[in-house]
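Below you'll find the structure, written out as structure tokens, and then a few comments.
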Amino acid sequence: MLPREYLRENAQRLLAEMPERFGKAGLETYVELDRERRDAVTKLEQMRRRRNELSAIKGTPAPEALEEMKALKEEIRALEERAEQADQTLAAVEKIVPNVPQASVPRGKDETANVVERSWGAPPQFAFPAQAHWDLGPALGILDFERGVKLAGARFTVLFGAAARMSRALIQFFLDVHVDEQGYTEVLPPFLANADSLFGTGQLPKFAADLFQTTEGYYLIPTAEVPVTNLHRDEILPADKLPLLYTAYTSCFRSEAGAAGRDTRGMIRQHQFDKVEVVMLVRPEDSAAALEALTAHNEELLRRLELPYRVVSLSTGDLGFASAKTYDLEVWLPGMNAYKEISSCSNFEAFQARRASIRLRRAEGEKPEFVHTLNGSGLPVGRTLVAILENYQRADGSVAIPKALQPYMRGLKEIVGSGL
RNA sequence: GGAGGAGUGGCCGAGUGGUUGAAGGCGGCGGUCUUGAAAACCGCUGUGCCGGAAACGGUACCGGGGGUUCGAAUCCCUCCUCCUCCGCCA
């Protein structure tokens, strides 16, 4: 969310400058409606003041005072209704207005305006036709798409043997680097969350269709970002507790509504996948540097696994709803002959903190202010597994295991089939 | 899931329809005193919103929401959370 006083001043400018981002939020009538609400509130409070004066008299009020109070009651009720209605309309708009991109974010209508910041490693040159993981995996007996469909449905996959073990190894490897080397605190949160939590990070109300919901009203988390960021919802943190760095492994659940036909083959886009996430809560003045650090932390994982990747700065047309600036890490996938998103590292500034009311107090007696939140994938297990299978494949259909991962796979150096 | 109990300010804890943002205490901040500190004493000590350049003024908030009333922390309904006991269970 953006502050009301900010929208009051900037609604028209945002609409004019970035129609690709702010065009559909209903900002056109915002300023006018805000004026209406404040007029109503001012009148309302004058009447309540009068009522309070009258009811401050001890004992049973005089008949004429009683008359006035009865009249006031009706007027107050009418004004309350007017103010409430205006407030609700404003609030509904505020909940779906996206965050304001930082000045350094490339301007453009969609992902074609994204800017490649840097690349690392070179795509492997194969002396044989490279296979996609949806051919490699089943041939090795470690990925089973048909049985995933049988057990649950489309966009579910069953992993066997080396693939299952490698998933477990990747989770361990990612967490170890974050915790032992990069200073994060490990968290194991609930995989279901309530509506307040999903509102706090920005998935609700606008993206309800992307979530799985239980009959009891819980939501399956689409990312660990939700429970971990909300850890400090409705809290005021002392400044010396910041920055807070968290990392968490969770399963993630996404309905992928609106993704029909996209990435239907293989396990690139699943309803359920495992992911290690990193989350930071920092002082506002530190968030720009924190985004660079967080991005570098996740790049480090790809470097250790020796997977070629590039870093892309998302344009205003591609930037996520809550983000002020995002770097996507894209890993090279030989099977697609393209770079594919594997991590999204974002600075949300105060956008989520405002929704979730996460504040800091710099010193005793000072006003609380909103923290800045950031997060990034570090990394998703499924897509990393896919990247390893495709980049480390050999002519005979076997797959080498990255050196960094071998200690996590009891020294295993290659995958030749599901039987270990 | 069943039965019972409880939710008040940073914390403890009064308050059962009328000057209650809310007694009292603790903690915190400022001051007096002191060479310094402690003790003692005095004062201050929440958040949102509206108005205001500001000082400040107003208004709302006693777990959340709704209702009764001229007036609600106090009465009614509902939801949530916590505690105790029973049941079930990894």
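Worth saying up front: this structure is predicted, and the values here are computed from it rather than measured. Reminder, nothing fancy here: chain letters follow the sequence lines and each chain counts from 1.
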From CA spacing to verdict: salt bridge (charged side-chain N to carboxylate O under 4.0 Å, His left out), A:R50, A:E45: CA-CA 9 Å; A:R50 178 63 187 151; A:E45 291 188 348; over 6 Å; no

Rounded distance (Å) that lies between atom C1' of B:G65 and atom CG of A:D196: 13 Å

Secondary structure of RNA chain B in dot-bracket form (Watson-Crick or G-U wobble, distances below 3.5 Å, | marking inter-strand pairs): ((((((((.[[[..)..(.....]]]((((((.......))))))((((((....)))))).[[[[[..)....]]]]])))))))....

C1'-based separation of B:G24 from B:C76 [nearest Å]: 31 Å

5'-most by nearest nucleotide on RNA chain B - A:I236 or A:R4: A:I236

Stacked cation flag A:R8 on A:Y30, 6.0 angstrom / 45 deg: no

Integer angstrom distance from the C1' of B:U16 to that of B:U68: 16 Å

A:H178-A:Y249 aromatic ring centre distance below 6.0 Å: no

Separation of atom CG in A:D87 from atom P in B:U59, rounded to whole Å: 19 Å

Closest-nucleotide ordering on RNA chain B, the 5'-leading residue of A:R38 and A:P368: A:P368

Between P of B:G10 and CZ of A:R361, the distance in whole Å: 9 Å

Heavy-atom pair of closest approach, residues A:L198 and A:P222: CD2-CD, 4.0 Å

Of the listed nucleotides B:A60, B:G51, B:U47, the one nearest the side chain of A:R48: B:A60

Nearest-angstrom distance, P atom, B:U45 to B:A6: 33 Å

Whole-Å gap separating P (B:A60) and CZ (A:R49): 12 Å

Rounded distance (Å) that lies between atom P of B:G48 and atom CG of A:D234: 13 Å

Near-ring test A:F253/A:F212, centroid separation under 6.0 angstrom: no

Flag if over 12 foreign heavy atoms under 6.0 Å of CD, A:Q85: no

Given B:U59, B:G51, B:U47, the nucleotide with the shortest approach to the side chain of A:R35: B:G51

Backbone N/O of A:L314 and side chain of A:N114: donor-acceptor pair under 3.5 Å: no

Sugar-phosphate, base or nothing in reach of A:R50, heavy atoms under 4.0 Å: nothing

